[in-house]
Amino acid sequence: MDRIRIVGGNELNGIIPISGAKNAALPLMIASLLTSDTLTLENVPHLADVELLMRILGNHGVDVAVNGRRERQEDGYSRTIHFTCRTIVDTTAPYELVAKMRASFWVIGPLLAREGQARVSLPGGCAIGTRPVDLFIEGLQALGATMEIDAGYINATAPKGGLIGARYDFPKVSVGATHVMMMAATLARGTTVIGNAAREPEIVDLANCLIAMGAKISGAGTSTITIEGVTSLSGARHRVLPDRIETGTYAMAVAMAGGDVTLENTDMALLDTALESLRRAGATVSPTNNGIRVMRNGGGIQPVDVVTDPFPGFPTDLQAQFMALMTRSSGVSNITETIFENRFMHVQELARLGAKISLSGQTARVEGVQKLKGAPVMATDLRASVSLVIAGLAAEGETLVSRIYHLDRGFERLEDKLTRCGAVVERISD
Ligand SMILES: CC(=O)N[C@H]1[C@@H](OP(=O)(O)OP(=O)(O)OC[C@H]2O[C@@H](n3ccc(=O)[nH]c3=O)[C@H](O)[C@@H]2O)O[C@H](CO)[C@@H](O)[C@@H]1O
Ligand SMILES: C=C(OP(=O)(O)O)C(=O)O
């Protein structure tokens with residue numbers, strides 16, 4: 001199994017191109033199920049999750065062509081991909097595929113909207129909490145669907161004549177349930193109003209793509225989204241927005257290792273809160289023509305408290321990376337996780353490198369240490385894995401991260417991007 005070897009101690013200097021966002025690409029790809037025309041997506045990152053979703057979509061009848069060629073695995077860069085679903089050939093999303101990735105469950109929305117039925121396995125994904133699907137069930141029920149759980153699957157059936165627009169207020173903000181409800185409502189009869197909707201940039205990106213496909217959506221990016229159903233959607237061409245989590249991760253890596261790096265093809269507005277926390281920690285962060293410049297030259301790392309929250313709050317997907325940074329701060333910081341109840345798996349691995357972290361409920365108390373020392377560590381989930389890489393960049397000696405298939409789910413060419421900036425990071429294939 002592959003591992004990543006990091007030899008810490010080098011500053012990062014240079015340019016890091018930011019890829020298209022995994023968490024936007026996945027729902028955008030799923031939106032291709034809503035039309036019999038071709039949906040072309042540009043800037044699709046080359047990631048394990050994207051490859052897996054292509055297989056899942058293929059199973060439903062989506063024909064996938066990469067840059068006009070048939071799909072091939074070898075290149076490692078963001079690509080333009082054409083998705084065409086002339087007819088849906090299977091409305092079942094099987095356990096073997098869905099269990100590996102949470103977002104694959106989201107096919108339930110388009111399948112139900114277009115075919116009137118779906119049988120989708122309950123999802124898997126990062127082990128960061130119980131991650132129920134009650135909000136999806138209630139939201140789709142509000143549109144008139146019958147939802148039954150049977151042997152690990154959800155059987156969803158639309159009323160005769162299709163889903164019916166309705167108002168539904170989510171009792172809790174959910175990114176996935178908002179994506180699904182929005183997709184399902186595009187083809188429903190009448191108007192749907194989603195209250196307490198997620199406001200993440202990936203929701204806005206999906207809405208913009210659906211609008212380009214002919215959907216009538218307003219309010220995406222606010223907590224009330226209104227969708228007027230249409231009878232069919234067409235194809236479109238859409239560019240996946242930059243990955244704000246990848247952006248924040250490399251910004252934190254620079255703050256940790258020191259140096260001066262320009263993050264290209266990204267946008268500060270996507271992660272204001274996280275960048276503000278980085279500034280308070282001592283990094284200099286400024287906009288460039290098409291990205292962000294991050295520097296930390298000489299000055300120390302200051303302790304900063306953060307609390308994760310839905311957008312525009314501090315993203316839970318950057319919590320582990322920020323904790324890695326705080327392990328080297330000059331004081332004590334408190335990091336509170338409010339989105340997922342079990343997203344602290346990185347704590348015990350960071351401790352192997354010499355970090356001093358204690359947990360009390362949903363808050364981690366991080367006492368900064370003078371130095372970290374490289375050690376063998378294990379990746380436990382996607383963002384936890386990259387927090388270990390960040391810690392390794394500042395640790396003395398060698399850090400070996402195992403189980404890096406988690407990293408490959410969400411970071412395109414990580415070793416390459418860091419190596420080009422002066423880090424010693426390599427993949428070891430055993
Ligand atoms: C592929 C993708 O985009 N994944 C992101 C998405 O995950 P995902 O869409 O799964 O996360 P949600 O926003 O749905 O989860 C937020 C909270 O709501 C809970 N919940 C959710 C659905 C439900 O039916 N019932 C329920 O209780 C979850 O357990 C969690 O505690 O948003 C998360 C929160 O920003 C990010 O960490 C993930 O990276
Ligand atoms: C938790 C994540 O992904 P998923 O929702 O697919 O598990 C993530 O992207 O950090």
Side-chain angles (χ1 to χ4, degrees), residues 4-18 243 245-264 266 271 274-275 277-286 288 291-304 306 318-331 333 335 346 349-350 352-357 366 368-375 377 379 383-401 404 407 411-427:
I4 289 218
R5 174 176 173 269
I6 304 141
V7 180
N10 288 6
E11 282 194 347
L12 297 176
N13 286 292
I15 294 172
I16 297 182
I18 298 301
D243 195 317
I245 305 304
E246 192 197 22
T247 305
T249 299
Y250 288 123
M252 286 169 196
V254 179
M256 182 68 155
D260 181 349
V261 170
T262 299
L263 306 171
E264 269 186 349
T266 186
L271 68 164
L275 292 178
S277 301
L278 263 187
R279 281 198 190 97
R280 285 169 46 216
T284 307
V285 181
S286 53
T288 64
I292 308 171
R293 183 172 176 195
V294 185
M295 292 186 282
R296 188 176 68 80
N297 288 322
I301 300 169
Q302 307 306 313
V304 177
V306 299
L318 285 173
Q319 180 257 109
Q321 299 88 315
F322 198 75
M323 193 183 296
L325 175 64
M326 287 298 105
T327 62
R328 291 289 318 282
S329 87
S330 57
S333 56
I335 298 182
H346 39 286
E349 298 305 303
L350 287 170
R352 289 180 198 276
L353 302 174
K356 280 193 183 166
I357 308 171
V366 188
V369 293
Q370 289 262 317
K371 72 170 185 191
L372 298 173
K373 198 150 185 297
V377 288
R383 311 303 174 183
S385 321
V386 86
S387 78
L388 300 173
V389 174
I390 291 177
L393 291 174
E396 225 173 56
E398 182 181 279
T399 298
L400 268 179
V401 186
I404 58 164
L407 267 181
F411 288 93
E412 190 179 55
R413 297 186 296 121
L414 174 97
E415 315 89 279
D416 181 40
K417 290 184 184 188
L418 286 171
T419 306
R420 282 166 190 262
C421 288
V424 179
V425 181
E426 63 175 342
R427 185 175 292 248

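Residues: numbered from 1 along the sequence shown.
For the pair L275 and T247, the minimum side-chain heavy-atom distance is 4.5 Å or more. Side chains of Q302 and S330 form a contact here, defined as non-hydrogen atoms less than 4.5 Å apart. Y250 is not listed as a side-chain neighbour of V294, based on a closest heavy-atom distance of 4.5 Å or more. Using a 4.5 Å cut-off on side-chain heavy atoms (C-beta onward), E264 and I18 make no contact. Side-chain contact between T419 and V424 is absent, with no heavy-atom pair separated by less than 4.5 Å.
Note that the OG1 atom of T284 and the CE atom of M295 stand 4.5 Å from one another [nearest 0.5 Å]. Once rounded to the nearest 0.5 Å, the distance linking CG of L372 with CE of M256 reads 5.0 Å. Distance check: S387 OG to L350 CG gives 4.5 Å after rounding to the nearest 0.5 Å. Atom CZ of residue R328 and atom CD1 of residue I390 lie 13.5 Å apart, to the nearest 0.5 angstrom. How far CD of E396 is from CG of L353: 12.0 Å, rounded to the nearest 0.5 Å. Interatomic distance, L388 CG to H346 NE2, rounded to the nearest 0.5 Å: 9.0 Å.
Taking a cutoff of 4.0 Å between a charged side-chain nitrogen and a carboxylate oxygen, R296 and E11 do not qualify as a salt bridge. Ion pairing between a basic and an acidic side chain is recognised when a charged N comes within 4.0 Å of a carboxylate O; E426 and R5 show such pairing.
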Using the side chain to side chain contact (heavy atoms under 4.5 Å, CB included) rule, take V366 and T327 through it: C-alpha gap first, then chi angles, then the decisive distance, then the call.
CA-CA 6 Å; V366 188; T327 62; 4.1 Å; yes

Report the C-alpha separation of R383 and F411 in whole Å, then their side-chain angles, then the decisive distance to 0.1 Å, and conclude whether the side chain to side chain contact (heavy atoms under 4.5 Å, CB included) test is met.
CA-CA 9 Å; R383 311 303 174 183; F411 288 93; 3.5 Å; yes

After noting the C-alpha distance and the side-chain angles of L12 and L418, does the key distance pass the side chain to side chain contact (heavy atoms under 4.5 Å, CB included) rule?
CA-CA 8 Å; L12 297 176; L418 286 171; 4.2 Å; yes

Assess the residue pair Q321 and T249 against the criterion (side chain to side chain donor-acceptor pair (under 3.5 Å)); give the C-alpha distance rounded to whole Å, side-chain angles, the decisive distance to 0.1 Å, and a yes or no.
CA-CA 6 Å; Q321 299 88 315; T249 299; 3.0 Å; yes

Side chain to side chain contact (heavy atoms under 4.5 Å, CB included) between I335 and Q319, intermediate numbers included
CA-CA 8 Å; I335 298 182; Q319 180 257 109; 3.7 Å; yes

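Atom CZ of R293 sits in a sparse spot, with 12 or fewer heavy atoms from other residues, nucleotides or ligands closer than 6.0 Å. For R420, the CZ atom is loosely surrounded, since the number of other residues' heavy atoms within 6.0 Å does not exceed 12.
A donor-acceptor pair under 3.5 Å links the side-chain atoms of N13 to the main chain of D260, judged by distance alone. A distance-only check finds no donor-acceptor pair linking the side chain of K373 to the backbone of G397 [under 3.5 Å]. Looking at T266, its side chain never comes within 3.5 Å of a backbone N or O of L263 through a donor-acceptor pair.
Among all heavy-atom pairs drawn from G354 and V369, the shortest one is O-CG1, 3.7 Å. Counting all heavy atoms, side chain and backbone alike, L278 lies closest to A251 at CD1-CB, 3.5 Å.
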